[in-house]
Q: 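Sending over a structure as structure tokens; questions will come in a sec.
Computed from heavy atoms alone, side chains included, the values below leave out hydrogens, waters and symmetry copies.
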Amino acid sequence: MMLIDVSPYAFKIGPIAVHWYGIFMAISFLVGSYYLYTMGRKLRLDEDFLLNLAMIVIISGVIGARLMFVLTNYPEWFLKDPVQVLKIWEGGLSWHGALLGGFLAGWPYCRRHGVNPNMIADWTVLGLSFGYIIVRIGNIFNQEVLGRMTEFSFGRWPAQLIGSFIGLILLIRFLYLQTKKLPPGYQFWSFIWYHQILRALIEETVRDNPLFLIHYVNDHWGIGFLTLTQLITPFVVAFAYYMYKSTGGYGYGGYRRNWY
């Protein structure tokens, strides 16, 4: 989806320009952090621990997201234009990099404080789902994450809205499963599992991304594969499945739960 007349700026104050993308990103951080804090306080977890954890995960996630995006799209920036690497407000963040950065920082932090990281990870799903919904809308204002052109009357696939819809489905699933008794880690690792599959099969198929190894494009339908995300999906899915099973994969009462 590409809207030519849409400005990426929400407002400007002198030389300072505030992007819609940044506003949506900040909102997703606030929503996710508030939910994590609320759930933690219900279990009487230390307030400082929760606030520090949220800050650590957010900062590490943003750093990981930016570095992964630049590494996979514009690696020459590291040497030729390092300042450009820092301009996250202009868009260009990697979902996988954000997850990796947040995971590598948050997981050991929880373990050092004697808190089950799987339980904490479950609480992040609401923020991740909600963030995916609104940040994809922010991509529209930045005119990025574009869909492929088709020969249909609508022209280009609205890849950003398709991504938002995937986030909405996963958010509804999360809220529904919150009414169930589930083992720690189920919500998070199954979220990663389903998100990755839905993104690879639907969103990435219609996104106008570079192709690797197999270069197939159908100009009529506006689809193509394999993108980098599609290539790494089997590994991410396998890792998510392994991590969930490593926690036992059992629900309350001792019976094994399936991923649906």
Q: Does a side-chain heavy-atom distance below 4.5 Å link F78 with L67?
A: yes
Q: Is the shortest heavy-atom distance from the side chain of R207 to the side chain of T227 under 4.5 Å?
A: no
Q: Centroid separation under 6.0 Å, is that true for the rings of F152 and W221?
A: yes
Q: How close do A240 and W193 get, heavy atom to heavy atom, and via which atoms?
A: CB-N, 4.3 Å
Q: Can you tell me how far OH of Y37 sits from CG of L53, rounded to the nearest 0.5 angstrom?
A: 13.5 Å
Q: Could you list the residues that satisfy salt bridge (Lys or Arg N to Asp or Glu O under 4.0 Å) with D208, not counting sequence neighbours?
A: R148
Q: Quick one: do V70 and L79 end up in the same hydrophobic cluster if we chain Ile, Leu, Val, Met, Phe, Trp and Tyr together by side-chain heavy atoms under 4.5 Å apart?
A: no
Q: Check side chain to side chain contact (heavy atoms under 4.5 Å, CB included) between K80 and all other residues, then give those that pass, not counting sequence neighbours.
A: E76
Q: I'd like to know if L146 and M149 are part of one continuous hydrophobic network [Ile/Leu/Val/Met/Phe/Trp/Tyr, side-chain heavy atoms within less than 4.5 Å].
A: no
Q: Would you name the heavy atoms of P117 and R111 that are closest together and state the gap between them?
A: CG-CG, 3.9 Å
Q: Who are the side chain to side chain contact (heavy atoms under 4.5 Å, CB included) partners of L201, not counting sequence neighbours?
A: I197
Q: Is there a side-chain contact between E204 and T233 (heavy atoms, below 4.5 Å)?
A: no
Q: Can you confirm whether R173 sits close enough to L177 that some side-chain heavy atom of one is under 4.5 Å from a side-chain heavy atom of the other?
A: yes
Q: Atom CE in M68, atom CD1 in I63: separation rounded to 0.5 Å?
A: 13.5 Å
Q: Could you list all the side-chain hydrogen bond (donor to acceptor under 3.5 Å, both in side chains) pairs where at least one residue sits in residues 119-130, not counting sequence neighbours?
A: none
Q: Do L231 and F212 touch side chain to side chain, with heavy atoms closer than 4.5 Å?
A: yes
Q: For the atom pair CG (L213) and CG (L226), what is the distance rounded to the nearest 0.5 Å?
A: 7.0 Å
Q: side-chain contact (heavy atoms from CB on, under 4.5 Å), that's the test. Do V237 and I192 meet it? Break it down for me.
A: CA-CA 7 Å; V237 168; I192 298 298; over 6 Å; no
Q: Checking K12 against Y9: charged group under 6.0 Å from the ring centre and within 45 degrees of the axis?
A: yes
Q: Quick one: CG on L43 to CE on M119, what's the gap to the nearest 0.5 Å?
A: 5.5 Å
Q: About how many Å separate CD1 of I162 and CH2 of W157, when rounded to the nearest 0.5 Å?
A: 6.0 Å
Q: Kindly determine whether F69 and L93 satisfy side-chain contact (heavy atoms from CB on, under 4.5 Å), including the steps that lead there.
A: CA-CA 5 Å; F69 171 81; L93 298 175; 5.5 Å; no
Q: Honestly curious: do F239 and F235 fall in one hydrophobic cluster under the side-chain, below-4.5 Å linking rule?
A: no
Q: Show me the side-chain donor-acceptor pairs of residues 27-34 shorter than 3.5 Å, one per line, residues at least two apart or across chains.
A:
| residue | atom | partner | partner atom | Å |
| --- | --- | --- | --- | --- |
| S28 | OG | M25 | O | 2.6 |
| S33 | OG | F29 | O | 2.8 |

Q: Report the C-alpha separation of V217 and I223 in whole Å, then their side-chain angles, then the decisive distance to 0.1 Å, and conclude whether the side-chain contact (heavy atoms from CB on, under 4.5 Å) test is met.
A: CA-CA 6 Å; V217 175; I223 60 176; over 6 Å; no
Q: One pair to check against ring-ring contact (aromatic ring centres under 6.0 Å, His included): Y244 and Y186. What are the steps and the verdict?
A: CA-CA 6 Å; Y244 172 66; Y186 180 89; 5.4 Å; yes
Q: Between the side chain of D81 and the main-chain N/O of W77, is any donor-acceptor distance below 3.5 Å?
A: no
Q: Only counting residues at least two apart or in another chain, list the ones meeting side chain to side chain donor-acceptor pair (under 3.5 Å) with Q178.
A: Y35, Q187
Q: Between C110 and N116, is any pair of side-chain heavy atoms under 4.5 Å apart?
A: no
Q: If you take the centroid of each ring, where Trp contributes its six-membered ring, are F141 and Y21 closer together than 6.0 Å?
A: no
Q: Backbone N or O of L45 within a donor-acceptor pair of the R41 side chain at under 3.5 Å?
A: yes
Q: Consider only side-chain heavy atoms of I, L, V, M, F, W and Y, link residues closer than 4.5 Å, and tell whether I202 and L211 are in one cluster.
A: no
Q: With a 4.5 Å cut-off on side-chain heavy atoms, are W20 and S7 touching?
A: no
Q: Using the side chain to side chain donor-acceptor pair (under 3.5 Å) criterion, which residues pair with H215? Sequence neighbours excluded.
A: none
Q: Determine yes or no for a side-chain-to-main-chain donor-acceptor pair under 3.5 angstrom, with D46 supplying the side chain and D48 the backbone.
A: yes
Q: Check side chain to side chain donor-acceptor pair (under 3.5 Å) between N218 and all other residues, then give those that pass, not counting sequence neighbours.
A: Y216
Q: Within this structure, what is the OG-CD1 distance for the pair S164 and I137, rounded to the nearest 0.5 Å?
A: 4.5 Å
Q: For residues N142 and P8, report the shortest heavy-atom separation together with the two atoms involved.
A: OD1-CB, 3.5 Å
Q: Between I140 and V6, does a side-chain contact (heavy atoms from CB on, under 4.5 Å) hold up when you go through it step by step?
A: CA-CA 8 Å; I140 296 176; V6 171; 5.6 Å; no
Q: Of all residues at least two apart in sequence or in a different chain, which pass the ring-ring contact (aromatic ring centres under 6.0 Å, His included) check with F49?
A: Y109, H113
Q: Mind checking what makes side chain to side chain contact (heavy atoms under 4.5 Å, CB included) contact with I172, not counting sequence neighbours?
A: L168
Q: If you define the side chain from C-beta out and look only at heavy atoms, does anything of L128 sit under 4.5 Å from F188?
A: yes
Q: Kindly work out whether a path of hydrophobic side-chain contacts (I/L/V/M/F/W/Y, heavy atoms less than 4.5 Å apart) joins Y242 to W189.
A: yes
Q: Ignoring hydrogens and angles, write down the donor-acceptor pairs under 3.5 Å from the side chains of residues 94-105, residues two or more places apart or on other chains.
A:
| residue | atom | partner | partner atom | Å |
| --- | --- | --- | --- | --- |
| S94 | OG | H96 | N | 3.4 |
| S94 | OG | G97 | N | 3.1 |
| W95 | NE1 | H195 | ND1 | 3.3 |
| H96 | NE2 | Q196 | OE1 | 3.0 |
| H96 | NE2 | Q196 | NE2 | 3.0 |

Q: List for me each residue that meets side chain to side chain donor-acceptor pair (under 3.5 Å) alongside R136, sequence neighbours excluded, and say none if there are none.
A: Y132, N139, E203
